[in-house]
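Quick note: numbers below take in every heavy atom, side chains included, and nothing from hydrogens, waters or symmetry partners.
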Amino acid sequence: MSRMTAGMVDIATPNLTLGGITNHEIDPDVLEWLGGSASVDNQHAATMNVKPRLGFTSYDLAAALAVCGVAGCVFEDLDLYELLYDDHGEIKSGAVHTKTSLADGIMVPRQISFAGGDDPVTVAFEAFGTASDGETVPISQAAAAKPAGGDVAQAFTLAKITFDGSAINEINNLTFDFGLGVDHRVLGGDLCPRIAPINARDPLISLTSEDHAVASTFGFTASQGAVTLYFQKLAPGGRVATATLAHIGLTITNATAKAMARSGAHRQTTGLPVEIRPIISGANPILAVATGIAIP
């Protein structure tokens with residue numbers, strides 16, 4: 001008997017090996033048809049379409065976002081490994097691990113999550129399988145050896161965020177939803193999607209702060225301004241110095257922000273929820289991701 005756990009992701013193009021996988025999802029998304037005629041029982045079954053997707057979450061923001069940012073990325077040969085472990089919890093050696101592969105498709109970032117500092121920031125991705133001929137099923141599974149890499153190479157925490165020049169402090173949770181819509185459909189009697197274009201980009205930052213200054217910063221009407229988010233790299237035993245070119249920055253030239261409903265309780269700090277939505281500003285991109293930078 002063997003059991004397996006979340007392992008690693010290895011992509012041929014763009015060249016990317018990701019460890020620090022906190023969770024994963026494999027969805028073949030098979031649609032079947034069942035039917036009968038004048039019978040209470042099904043008399044026939046057929047596979048109508050297959051729209052496979054793979055999802056995963058990692059601590060390694062820098063490596064992932066450097067190759068697959070807000071515009072997504074087209075990939076070839078994406079392999080997700082579920083690693084088998086022995087009776088003592090050690091990862092087994094040899095070609096025994098489950099490798100689920102997507103031959104071609106598009107991958108998009110889904111969400112960056114920060115839970116107040118108890119754990120590093122995570123980033124989630126979703127990959128959609130496509131077939132240029134509409135017939136070749138792009139998902140497959142095989143037993144394989146674990147490739148090199150796949151350890152927790154780096155991790156990050158939220159360093160700071162500013163809105164229109166004002167710092168937002170005492171953040172106890174934050175999510176950055178990239179809001180990317182992907183048109184992953186089967187058309188024309190095909191078995192699999194031929195393409196999966198991005199058809200919407202509606203990013204949203206949701207955060208809660210315990211700093212009372214947030215109440216006056218955002219008030220009771222929506223306001224607009226530039227937004228910056230910085231994620232600081234964690235070093236063994238501490239943090240990498242802010243002046244080092246090792247951190248991540250998310251730049252939003254213009255965004256609209258509003259305070260959300262809040263409530264308080266006796267002897268508990270009131271949380272002040274805020275929503276920030278990036279909007280297009282002239283020729284500037286709606287969001288720019290920079291890796292390997294210093295934090296000012």
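- Side-chain contact between Cys192 and Pro138: present, with at least one pair of heavy atoms (C-beta onward) separated by less than 4.5 Å.
- Distance CG/Leu174 to CD1/Ile161: 5.5 Å, rounded to 0.5 Å.
- Looking at Thr228 and Thr162, their side chains do bring a donor and an acceptor atom within 3.5 Å of each other.
- Looking at heavy atoms from C-beta onward, Asp164 lies out of side-chain contact with Ser223 at the 4.5 angstrom threshold.
- Ring geometry for Phe128 versus His184: interplanar angle over 60°, hence perpendicular rather than tilted (30 to 60°).
- Residues Val121 and Tyr59 are members of separate hydrophobic clusters, defined by side-chain heavy-atom contacts under 4.5 angstrom among Ile, Leu, Val, Met, Phe, Trp and Tyr.
- Of all heavy-atom pairs spanning Ser209 and Val214, the tightest one is OG-CG2, 3.4 Å.
- To the nearest 0.5 Å, the span separating CG on Asp10 from CG on Asp79 amounts to 6.0 Å.
- One finds the CD atom of Glu82 at 11.5 Å from the CD1 atom of Ile21 (value rounded to the nearest 0.5 Å).
- Between the Ser58 side chain and the Asp60 main chain, a donor and an acceptor come within less than 3.5 Å of each other.
- No side-chain N or O of Thr130 forms a donor-acceptor pair with one of Asp104 less than 3.5 Å apart.
- The shortest side-chain heavy-atom distance between Val123 and Phe56 does not fall under the 4.5 Å cut-off.
- At least one side-chain heavy atom of Leu61 sits less than 4.5 Å from a side-chain heavy atom of Ile112.
- In plain terms, the two heavy atoms of Thr57 and Ala124 that are nearest each other are OG1-CB, 3.5 Å.
- Checking side-chain atoms of Gln224 against main-chain N and O of Ala257 turns up no donor-acceptor pair under 3.5 Å.
- Not one N or O on the side chain of Lys160 forms a donor-acceptor pair closer than 3.5 Å with the backbone of Phe231.
- For the pair Thr253 and Ser281, the tightest heavy-atom approach, listed with the atom from each and the gap, is CG2-OG, 3.9 Å.
- Taken together through direct or relayed side-chain contacts under 4.5 Å among Ile, Leu, Val, Met, Phe, Trp and Tyr, Leu54 and Met8 form parts of separate hydrophobic clusters.
- The line from NZ of Lys233 to OG1 of Thr244 is 9.5 Å long, rounded to the nearest 0.5 Å.
- Inter-residue side-chain proximity for Phe75 and Leu16 is flagged as unmet; no heavy-atom pair is nearer than 4.5 Å.
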Check step by step if salt bridge (charged side-chain N to carboxylate O under 4.0 Å, His left out) holds for Asp27 and Lys51.
CA-CA 8 Å; Asp27 186 359; Lys51 300 179 292 181; over 6 Å; no

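- Annotation: the span from Ile195 atom CD1 to Arg185 atom CZ amounts to 8.5 Å, rounded to 0.5 Å.
- Judged by distance alone, with hydrogens and angles left aside, the side-chain atoms of Arg194 form a donor-acceptor pair with the main-chain N or O of Ser132 at under 3.5 Å.
- Contact detail for Leu18 and Ala64: the closest heavy-atom pair is CD1-CB, 3.9 Å.
- When atom types are taken as modelled, the side chain of Thr47 and the backbone of Asn49 share no donor-acceptor pair closer than 3.5 angstrom.
- A continuous path of ILVMFWY side-chain contacts below 4.5 Å connects Val67 to Val9, so both sit in one hydrophobic cluster.
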In sequence, state the C-alpha distance, the side-chain angles, and the governing distance for Thr208 and Val274, and then conclude on side chain to side chain contact (heavy atoms under 4.5 Å, CB included).
CA-CA 6 Å; Thr208 301; Val274 176; over 6 Å; no

Could you check Leu234 against Val240 for side chain to side chain contact (heavy atoms under 4.5 Å, CB included), going step by step and ending with a plain yes or no?
CA-CA 6 Å; Leu234 299 174; Val240 176; over 6 Å; no

One pair to check against side chain to side chain contact (heavy atoms under 4.5 Å, CB included): Glu126 and Arg53. What are the steps and the verdict?
CA-CA 7 Å; Glu126 190 171 21; Arg53 295 176 288 116; 2.8 Å; yes

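- Here the side chain of Arg110 pairs a donor or acceptor atom with the backbone of Leu180 at under 3.5 angstrom.
- Using a 4.5 Å cut-off on side-chain heavy atoms (C-beta onward), Leu287 and Thr251 make no contact.
- Judged by distance alone, with hydrogens and angles left aside, the side-chain atoms of Asn42 form no donor-acceptor pair with the main-chain N or O of His44 at under 3.5 Å.
- A distance of 6.5 Å separates NE2 of His97 from CG of Leu84, quoted to the nearest 0.5 Å.
- Between Ala159 and Ile295, the shortest heavy-atom contact is CB-CD1, 3.7 Å.
- Between Ile276 and Thr256 the shortest side-chain heavy-atom distance does not fall below 4.5 Å.
- The backbone N or O of Ala95 lies less than 3.5 Å from no partner atom in the side chain of Lys92, so there is not a single donor-acceptor pair.
- You'll find the ring centres of Phe114 and Phe176 outside the 6.0 Å limit.
- Residues Val50 and Val186 do not share a hydrophobic cluster, clusters being chains of Ile/Leu/Val/Met/Phe/Trp/Tyr side chains in contact below 4.5 Å.
- Leu158 and Tyr230 are not part of a single hydrophobic cluster, where members link through side-chain heavy atoms under 4.5 Å apart.
- Two residues are said to be in side-chain contact when any heavy atoms from C-beta on lie closer than 4.5 Å; Ile139 and Val137 meet this criterion.
- Across Leu272 and Ala215, no two heavy atoms sit closer than the pair CD1-N, 4.0 Å.
- In terms of modelled atom types and a separation under 3.5 Å, the side chain of Asp133 and the main chain of Glu135 share a donor-acceptor contact.
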Go through the steps to decide whether Val70 and Arg201 satisfy the test side chain to side chain contact (heavy atoms under 4.5 Å, CB included), and finish with yes or no.
CA-CA 8 Å; Val70 68; Arg201 189 156 56 211; 3.4 Å; yes

